[in-house]
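Written out below as structure tokens is the structure these notes cover.
Positions are given from 1, in the same order as the sequence printed here.
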Amino acid sequence: MLFYSVEFIFIFLPIFFLIFLILHKTNYILPFIIISSLIFYAIWDYRFLSLLFLSISINYLLLIKINKNKLALTLGILINLLILFFFKYTNFFLNEVLQADISYLKKIILPLGISFFTFQQISCLIDGYNNKIKLYGFYKYLAYVSFFPQLIAGPIVRYNEVIEQFNIIEKVRKLNWENINLGLILFIMVFLRKFFLQIILVV
């Protein structure tokens with residue numbers, strides 16, 4: 001599901017915002033964000049939820065032991081890159097380089113947003129190695145990686161920046177309507193730019 005699609009603008013986003021308004025004064029707001037993000041990703045292809053969850057789980061386990069641990073850092077970067085290269089370049093390598101006839105590997109689908117959540121987690125591993133982050137449990141790390149506004153289209157954001165906002169959401173029960181209005185204005189501006197660019201390209 002793309003941010004400028006009809007499904008996102010008129011179904012997913014209004015429902016998310018309505019439930020957010022209902023839950024923002026409760027302790028369920030972060031679990032709601034996680035569930036919404038996973039649903040958002042599953043709408044594209046639910047089969048890749050397992051890949052996303054596996055990637056997040058592996059990286060979190062590495063983060064627990066990564067402080068000044070070069071082996072954990074190297075292993076983490078290697079695992080992330082291997083997963084990315086497998087989905088992104090296997091078809092090209094088999095078809096163009098080896099010209100192999102392996103039918104069950106020729107149709108490997110590139111998971112949506114895999115580059116963004118892979119490099120975001122690598123950046124987190126590096127920060128963890130340098131002791132620049134503090135883990136607040138698996139569910140907050142899951143929220144950090146799967147957060148739907150940046151999951152499939154970036155930008156790659158630092159762990160501390162997002163976690164600080166999640167901590168604020170949990171502690172501050174009052175909505176900041178100024179930030180909400182600013183976010184809506186930015187969203188509308190980006191949507192209109194995308195819309196007019198598509199018209200220009202078609203013409």
Verdict with supporting geometry, Thr118 and Ile83, side chain to side chain contact (heavy atoms under 4.5 Å, CB included): CA-CA 9 Å; Thr118 296; Ile83 294 174; 5.6 Å; no

Enclosure of Tyr46 OH (heavy-atom neighbours >12, cutoff 6.0 Å): no

Gln150 to Tyr144 - nearest heavy-atom pair and separation: NE2-O, 3.1 Å

Test item: Ile64 and Leu135 side chains (from C-beta on) under 4.5 Å apart, heavy atoms: yes

Atom NZ of Lys68: over 12 foreign heavy atoms under 6.0 Å: yes

Test item: Tyr159 side-chain N/O and Val145 main-chain N/O as donor-acceptor pair under 3.5 Å: no

Heavy-atom side-chain contact between Ile58 and Gln121 under 4.5 Å: no

Ile15 side, atom CD1; Phe10 side, atom CZ - distance, nearest 0.5 Å: 13.0 Å

Phe53 vs Ser146, side chain to side chain contact (heavy atoms under 4.5 Å, CB included): CA-CA, chis, key distance, verdict: CA-CA 9 Å; Phe53 190 78; Ser146 65; over 6 Å; no

Residue pair Asn80 / Ile77, side-chain heavy-atom distance below 4.5 Å: no

Any Leu142 side-chain heavy atom under 4.5 Å of Tyr60 side chain: no

Nearest heavy-atom neighbours spanning Asn160 and Lys132: ND2-O, 2.8 Å

Ring center gap for Tyr136 and Phe166 short of 6.0 angstrom: no

CG on Leu23 to CG on Leu18, rounded to 0.5 Å: 9.5 Å

Candidate pair Ile35 and Phe32, rule side chain to side chain contact (heavy atoms under 4.5 Å, CB included), full reasoning: CA-CA 5 Å; Ile35 293 171; Phe32 165 66; 5.6 Å; no

Beyond-backbone contact of Leu51 with Phe87, side-chain heavy atoms, under 4.5 angstrom: yes

Leu75 and Leu62, any side-chain heavy atoms less than 4.5 Å apart: yes

From Leu61 atom CG to Tyr141 atom OH, the distance as rounded to the nearest 0.5 Å: 10.0 Å

Thr74 side chain to Leu71 backbone, donor-acceptor under 3.5 Å: no

Closest approach of Ile34 to Ala143 (non-hydrogen atoms, all atoms of both residues): CG1-CB, 3.6 Å

Interatomic spacing from CD1 in Ile33 to CD1 in Ile29 - rounded to 0.5 Å: 5.0 Å

Heavy-atom side-chain contact between Ile56 and Phe117 under 4.5 Å: no

Gap separating the CD1 atom of Ile163 from the CD atom of Glu161, nearest 0.5 angstrom: 11.5 Å

Test log, rule side chain to side chain contact (heavy atoms under 4.5 Å, CB included), inputs Ile66 and Leu125: CA-CA 7 Å; Ile66 204 169; Leu125 289 174; 3.6 Å; yes

Closest heavy-atom pair and its distance - Trp44, Pro111: CH2-CA, 3.5 Å

Heavy-atom closest contact (Arg158 atom, Asp127 atom, distance): NH2-OD1, 2.7 Å

Inter-residue atom distance Leu13.CG - Phe148.CZ, 0.5 Å rounding: 6.5 Å

Heavy-atom closest contact (Leu52 atom, Tyr41 atom, distance): CD2-CD2, 4.1 Å

